[in-house]
Amino acid sequence: MTFRNYINNFSEIFYKDENDWVLTTFWNSLFIAFFLLPLGINLSNPFFIIAIILGVLHILRKKSSSIKENKSILLFPLYFTILCISLIYTENLKDGLNLIQRSLSLLLFPMIFLYVKEDATTVKRLFNFMLWGLMLSFFINSSMVLYDKLIILFNSENNVFQSIVNSNWQHITQFNFSRLIESNYTSLYILLVLSFYLKNKIESKTRLLIYLLLFTYLFLLSSKTAYLILFIISIILIGGIKQKKHRYLITIIFLLTAIIFLNNPGISRFYHQLFELNTLSSPNKVSLEKTRVISWKTSLGLIKEAPLLGYGVGDANQVLQEAYKKNGFNYNYKKGYNAHNQFLQTALQTGILGLVTLFVIFIVLGYQLRRSRNEFCVFLILFLSLLFESMLVRFNGIVFLSIVIPLLLKKRSILSSRIIRNYSKK
């Protein structure tokens, strides 16, 4: 293959419309941003900003939109408006304005997608770029872990060879494989990429290898939330297999895989910590699961005191930190933990109005994705992720959800059967 052929093949992975440089640059900026997102938000942030600017420019020159067909997309701009209204009664305007600034994509990207029509090939490329970013993220994290492991081995008092012999899988899994971004966010990206691609048959050994690497990455990240989501959606998908022989085979593979995942040292420690969840009277005895339960219970107590309006986007976290300190939950206070549940976080920020709006978004999304088990699993991945993490606080979660959920809410969803058939023919 000549150098020109390589250049041509490489250019085909990007969006190209010779008659519209705005849309061309918009989509290519999103592609690069999705590629860089698993590597760190600071890398992807400039490309998301470029995409927003060009998307707004596209709106200004476009005369018509698809608002009539896709009114549900406006729920996110409504949610953003409620966040802004809460600034009226918040005292800490600096923190509030910072969150509003991070949340701008909740307003802008849904509005942009009312004017931008995506096709199946473009959506597939979007997920391709995220897949490549996840693969690069896996190798970068693995390289850093390997480097740390070699440093420990060579600094060991024992013989290096003997140290390697004595080393085992348990030691490897104790290293941090989420140094670029937090493990729950990486796990969410992996699960959604897998859900997008696994709806089709595995057509090549290369694709099979990629899936195995992604499952390995998911295993090494040791995200208990991701494990729970993976377990639930696996049960749902297995229940949808009609042929008994295939169902039995997949069930056996699932059980063997579950045994491997549950023997992850990070998860096995979780078994012992579960028994300590009811010992909140000893706040100085720390486990990650216990701190999360403390966050939930403290948030619920605060919500009961201000259920209608909440505390405002600027004061919500500050009030939560003061409650940690008052109740002696020093670890949560020192770490500055938020509610670790987006619905509780929203209730703290905006009260009942924001909470209802967020629930309505997911009720509509669940209704939209009810058509098949695969699509409903995508809904579960998103919904359950928000139950265990305040994903609309960090820009990693805000910008990702502000793009993916509006695309799912559109009448022609990125997962709809029509979309799937379109690119299957190409």
Side-chain angles (χ1 to χ4, degrees), residues 22-23 26-27 29-30 33 45 48-90 93 96-118 123 126 309-310 312-314 316 342-343 345-369 379 382-383 385-386 390-414:
V22 173
L23 275 184
F26 168 79
W27 279 114
S29 297
L30 272 189
N45 197 21
F48 281 122
I49 293 174
I50 293 172
I52 288 174
I53 293 172
L54 292 171
V56 172
L57 179 60
H58 179 71
I59 291 176
L60 294 176
R61 66 176 190 169
K62 194 82 172 177
K63 294 182 179 180
S64 62
S65 69
S66 59
I67 293 179
K68 292 182 179 179
E69 295 180 348
N70 301 294
K71 292 181 181 179
S72 58
I73 292 182
L74 297 175
L75 286 167
F76 258 141
L78 174 62
Y79 180 81
F80 175 81
T81 303
I82 294 170
L83 290 178
C84 292
I85 292 173
S86 73
L87 285 173
I88 297 173
Y89 53 88
T90 194
L93 281 175
L97 289 172
N98 284 337
L99 181 57
I100 293 297
Q101 182 182 357
R102 292 199 300 274
S103 302
L104 268 172
S105 60
L106 295 175
L107 168 69
L108 297 175
F109 273 121
M111 297 299 297
I112 289 169
F113 285 120
L114 287 173
Y115 291 83
V116 173
K117 292 183 179 180
E118 74 289 344
V123 172
L126 194 66
L309 298 176
V313 289
Q342 185 54 54
F343 298 98
Q345 188 76 30
T346 296
L348 285 171
Q349 293 169 341
T350 61
I352 190 69
L353 188 58
L355 180 61
V356 169
T357 303
L358 187 60
F359 268 120
V360 170
I361 290 173
F362 278 89
I363 290 171
V364 174
L365 182 63
Y367 181 79
Q368 179 83 353
L369 301 182
F379 163 76
L382 294 168
F383 181 74
S385 296
L386 266 66
S390 299
M391 289 200 167
L392 296 179
V393 172
R394 295 186 182 182
F395 193 65
N396 302 66
I398 294 172
V399 70
F400 181 71
L401 295 177
S402 67
I403 294 172
V404 171
I405 292 182
L407 286 174
L408 290 169
L409 286 173
K410 293 187 77 170
K411 187 175 181 180
R412 285 189 60 182
S413 164
I414 58 177

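Note that the numbering runs from 1 along the sequence shown for the chain.
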Considering only heavy atoms from C-beta outward, does the side chain of [X] approach that of [Y] to under 4.5 Å?
| X | Y | value |
| --- | --- | --- |
| L108 | M111 | no |
| L104 | I52 | no |
| F48 | S105 | no |
| T350 | T357 | no |
| L126 | E118 | no |
| T346 | I82 | no |
| Q368 | S72 | no |

How close do [X] and [Y] get, heavy atom to heavy atom, and via which atoms?
| X | Y | result |
| --- | --- | --- |
| I59 | Y115 | CG1-CD1, 3.7 Å |
| V313 | G96 | CG2-CA, 3.7 Å |
| R102 | I398 | O-CG2, 3.5 Å |

Evaluation steps, side-chain contact (heavy atoms from CB on, under 4.5 Å), between C84 and I100: CA-CA 7 Å; C84 292; I100 293 297; 3.9 Å; yes
Working to the nearest 0.5 angstrom, can you tell me the gap between [X] [atom1] and [Y] [atom2]?
| X | Y | atom1 | atom2 | answer |
| --- | --- | --- | --- | --- |
| F362 | I405 | CZ | CD1 | 4.0 Å |
| I112 | F26 | CD1 | CZ | 5.0 Å |
| L106 | L75 | CG | CG | 12.0 Å |
| L309 | T90 | CG | OG1 | 11.5 Å |
| I361 | L365 | CD1 | CG | 9.0 Å |
| L107 | F109 | CG | CZ | 11.5 Å |

Trace of the side-chain contact (heavy atoms from CB on, under 4.5 Å) decision for L408 with L382: CA-CA 11 Å; L408 290 169; L382 294 168; 3.6 Å; yes
side-chain contact (heavy atoms from CB on, under 4.5 Å) evaluation trace for N70 with L409: CA-CA 7 Å; N70 301 294; L409 286 173; over 6 Å; no
Within 6.0 angstrom of Y367 OH, more than 12 heavy atoms from elsewhere: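 Not buried by this count: 12 neighbours or fewer within 6.0 Å.
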L392 backbone acceptor or donor facing Q342 side chain under 3.5 Å: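 Confirmed, Q342 side chain pairs with L392 backbone.
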Donor-acceptor under 3.5 Å (K410 side chain, F113 main chain):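 It does hold such a pair.
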